[in-house]
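This is a predicted model, so every value here is computed, not measured.
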Amino acid sequence: DGTGLPQQMKQWLKSMQRTPSEKEHTVQVAMTPEQFKEAFKVADEKTSSSPSGLHYTLWKAIAEKDDLCDYFSIMLSLPFMYGFVNDRWTKGIDVMLAKQKGNSQIHMNRLIGLLEADFNTALKWYYPIQIMGNAESSGLNPNQWGGRANRTATMCATRKLLLWEYARYARKTTASFFGDLSSCFDRVHTSISSMVSQKFGMPKSVCECRAQTVKNMERFVRTAAGTSTTSYRQEDGDIPLSGEIQGKGDIMALWTLQSHTMLETHNAQCPGVVLEHVVDDTVSERTIDAYVDDADNYADAPETNDADEAITRLQTSAQVWADIVAATGGLMAFHKCNWQILAFTAVGGYVLYRSRATFQDRDIYLRNHKGLRSKIEYKAHTAANKGLGVMLCPTGDQKSEFARRLQQTRECAARIATSTLNATETYLTLKTRVLPMITYSFPITSFTVRQLKTLAILIDNAFIPKMGMSR
């Protein structure tokens, strides 16, 4: 009956109830020979995998033979059909990648798991291909932009850009909390991800096979020095440390599905912001915009259009989100979070931005799962906030974003000038690395012709001579 549970947990459990459309979802467990062949056909042969040495090259060769596909499609399906563990699948390699050059502290490394190629391919077939189709057909929360087809980071950033533009033109007080999760995928509990999977039609046997494989995983460690000869694993009697593996074929789909239930819970308890059409009754309502684990909470002030009201509502929204994250096993990195507000005041017939001095006594504090409070960093409305690879400023100032792209262009030009690349290699570098990086944010920027010409001159001067062309 939920007696004694926090309100956020009650609401989350309510969101876990299967809807009539979700009850109709089914997932095919037994893989046919044709599906086996197609699954490995689209796999990238160069993908790192398989501590056993049975890499994608071998499996792609097997998929070329019809008689072998008949046999191996059955062998690959059996563990998922009956919920047991293939012992070969219980060995993995944790590749430790440094997030910051020169910083080798273990908590500052990113861990990518290398698993058996056939196990990972099967997970991709069950989750991104099958269960995500079920979830999309039943209606995923529209505020999650990561891990979904036809949705990109720049689309999510565009939503943020339009929100601030609406606030400026409508003179509507708007506040935003920029949240960040710590070790997002590593904190996804297999018990919860299995519950969410079954909500969208995944059979229990598939969840048991997947979860038990992760639980019994024997992990080796790989760094620049090589792969360790010893391993670590969870033994019977140990304190259970549940968590998924970043790099596993199903992890992105699992987080998208879990975040759907979290966002539904948040939507039910927080009002968010309302963007009204200037002509008709059309409105756009949103409480949060999330791209994978990066989430921006929004709040306005519908009663007073005042900063105090918006900050109070933002405090509530951010705390509810932090509680939901903690209740599902996650952790908010409060030291990485910050908040901004765009408020207005009338002065001499003009509407101006309110300065921090007019509400300097207002701060946002959030509690963690142990009840400890942390003060969240305030960023001025004139400061650009980096999110989804773009520097966005509430006032619409794009100087910071242009300065960042200019610095990137100069660095690329300097490296190319001193490189030993031939003409073909230089061209490929320009098309596949440099231009995509420099122009990534162009869909949501409004650089002037002069600014764009500055970037183009740097690129032309560096690349055209290296490609053997004269101007």
| What about Trp89 and Phe80, are their ring centers closer than 6.0 Å? | yes
| message | Using modelled atom types and a 3.5 Å cut-off, is there a donor and acceptor pairing between side-chain atoms of Lys124 and backbone atoms of Asp250? | response | no
| field | Pair Ser49-Thr47, side-chain hydrogen bond (donor to acceptor under 3.5 Å, both in side chains): steps then yes or no | value | CA-CA 6 Å; Ser49 66; Thr47 301; over 6 Å; no
Validation: residues 371-390 side-chain donor-acceptor distances under 3.5 Å, sequence neighbours left out:
{"unit_1": "Asn385", "atom_1": "ND2", "unit_2": "Asn338", "atom_2": "OD1", "d": "2.5"}

| message | Tell me whether Met108 at atom CE has more than 12 heavy atoms from other residues, nucleotides or ligands lying less than 6.0 Å away. | response | yes
| field | Minimum heavy-atom distance between Ala310 and Ile341, given as atom pair plus value | value | CB-CD1, 4.1 Å
| Under 3.5 Å, side chain of Gln8 to main-chain N/O of Asp323, donor-acceptor pair present? | no
| Atom CD1 of Ile444 and atom OG1 of Thr158: how far apart are they, to the nearest 0.5 Å? | 5.0 Å
| field | Contact summary for Gly146 and Met252, nearest pair of heavy atoms | value | C-CE, 4.4 Å
| said: Working note: Glu244 + Arg210, criterion salt bridge (Lys or Arg N to Asp or Glu O under 4.0 Å); need CA distance, chi angles, decisive distance, verdict. | reply: CA-CA 10 Å; Glu244 296 287 352; Arg210 184 189 63 81; 2.6 Å; yes
| Straight-line distance of Leu257 CG to Ser197 OG, nearest 0.5 Å | 6.5 Å
| message | Please give me the minimum heavy-atom distance between Pro394 and Leu342, naming the atom from each residue. | response | O-CD2, 3.6 Å
| query | Less than 4.0 Å between a side-chain N and a carboxylate O, is that true for Lys215 and Glu208? | reply | no
| task | Say whether, by atom type as modelled, one donor and one acceptor occur between the side chain of Arg405 and the main chain of Met437 under 3.5 angstrom. | result | yes
| task | Take the angle between the ring planes of Phe36 and Phe72 and call it parallel below 30°, perpendicular above 60°, tilted in between. | result | parallel
| said: Any salt bridge linking Arg356 with Asp363? Criterion: basic side-chain nitrogen under 4.0 Å from a carboxylate oxygen. | reply: yes
| request: Report the relative orientation of the aromatic rings in Phe359 and Trp339; use parallel for angles under 30°, tilted for 30 to 60°, perpendicular for over 60°. | output: tilted
| query | Do Phe447 and Glu401 pass the side chain to side chain contact (heavy atoms under 4.5 Å, CB included) test, and can you show the C-alpha distance, the side-chain angles, and the key distance before you say yes or no? | reply | CA-CA 9 Å; Phe447 294 155; Glu401 175 61 19; 3.8 Å; yes
| query | What's the spacing between Ser50 OG and Asp118 CG if we round to 0.5 Å? | reply | 6.5 Å
| said: Just checking Arg367: does its CZ atom have more than 12 heavy atoms from other residues, nucleotides or ligands closer to it than 6.0 angstrom? | reply: no
| task | Verify the neighbour count for atom NZ of Lys99: are there more than 12 heavy atoms of other residues, nucleotides or ligands below 6.0 Å? | result | yes
| request: Indicate yes or no: at least one non-hydrogen side-chain atom of Val29 is less than 4.5 angstrom from one of Tyr126. | output: yes
| said: Does atom CG (Asp281) have a neighbourhood of more than 12 heavy atoms from anything else shown, all under 6.0 Å? | reply: no
| Nearest heavy-atom pair of Phe344 and Ala167: which atoms, and what distance? | CZ-O, 3.3 Å
| field | Test log, rule side-chain hydrogen bond (donor to acceptor under 3.5 Å, both in side chains), inputs Asn297 and His266 | value | CA-CA 10 Å; Asn297 297 53; His266 187 266; 3.1 Å; yes
| query | More than 12 non-hydrogen atoms from neighbouring residues, nucleotides or ligands closer than 6.0 Å to CZ on Arg233, yes or no? | reply | yes
| Met96 and Ile106: CA distance, side-chain angles, deciding distance, side chain to side chain contact (heavy atoms under 4.5 Å, CB included) verdict | CA-CA 8 Å; Met96 303 183 71; Ile106 190 170; 3.6 Å; yes
| Stepwise, does the side-chain hydrogen bond (donor to acceptor under 3.5 Å, both in side chains) test hold for Ser231 with Glu218? | CA-CA 6 Å; Ser231 61; Glu218 180 182 2; 2.6 Å; yes
| Would you say Arg313's side chain and Asp300's backbone share a donor-acceptor pair under 3.5 angstrom? | yes
| query | Hey, does the side chain of Lys204 reach the backbone of Gly83 with a donor-acceptor pair shorter than 3.5 angstrom? | reply | no
| said: Less than 4.0 angstrom from a charged side-chain N to a carboxylate O is my criterion; do Arg159 and Asp296 meet it? | reply: no
| Does Thr439 use its side chain to pair, donor to acceptor, with the backbone of Phe442 at less than 3.5 Å? | no
| Any donor-acceptor pair under 3.5 Å linking the side chain of Gln340 with the backbone of Ala175? | no
| message | Tell me whether the count of non-hydrogen atoms from other residues, nucleotides or ligands lying under 6.0 Å of CZ in Arg110 goes above 12. | response | no
| task | Grab the two heavy atoms, one from Glu235 and one from Asp238, that are nearest each other, plus how far apart they are. | result | N-OD2, 2.8 Å
| message | Could you walk me through whether Thr174 and Trp164 satisfy the side-chain hydrogen bond (donor to acceptor under 3.5 Å, both in side chains) test, starting with their C-alpha distance in whole Å, then the side-chain angles of each, then the deciding distance to 0.1 Å, before giving a yes or no? | response | CA-CA 8 Å; Thr174 303; Trp164 289 123; over 6 Å; no
| Any donor-acceptor pair under 3.5 Å linking the side chain of Lys60 with the backbone of Ala43? | yes
| request: Kindly give the heavy-atom pair with the smallest separation between Tyr56 and Asn120, and that separation in Å. | output: OH-CB, 4.0 Å
| query | Do Glu22 side-chain atoms and Ser138 backbone N/O form a donor-acceptor pair below 3.5 Å? | reply | no
| remark: Residues at least two apart in sequence or cross-chain that pass side chain to side chain donor-acceptor pair (under 3.5 Å) with Ser228, listed by chain then number, are none
| note | Rounded to the nearest 0.5 angstrom, the CG-CH2 distance for Leu140 and Trp145 is 12.5 Å
| task | Would you give the length of the straight line joining atom OG1 of Thr265 to atom CH2 of Trp12, rounded to the nearest 0.5 angstrom? | result | 8.0 Å
| remark: Rounding to 0.5 Å, atoms CG (Leu366) and CE (Met332) come to a distance of 6.5 Å
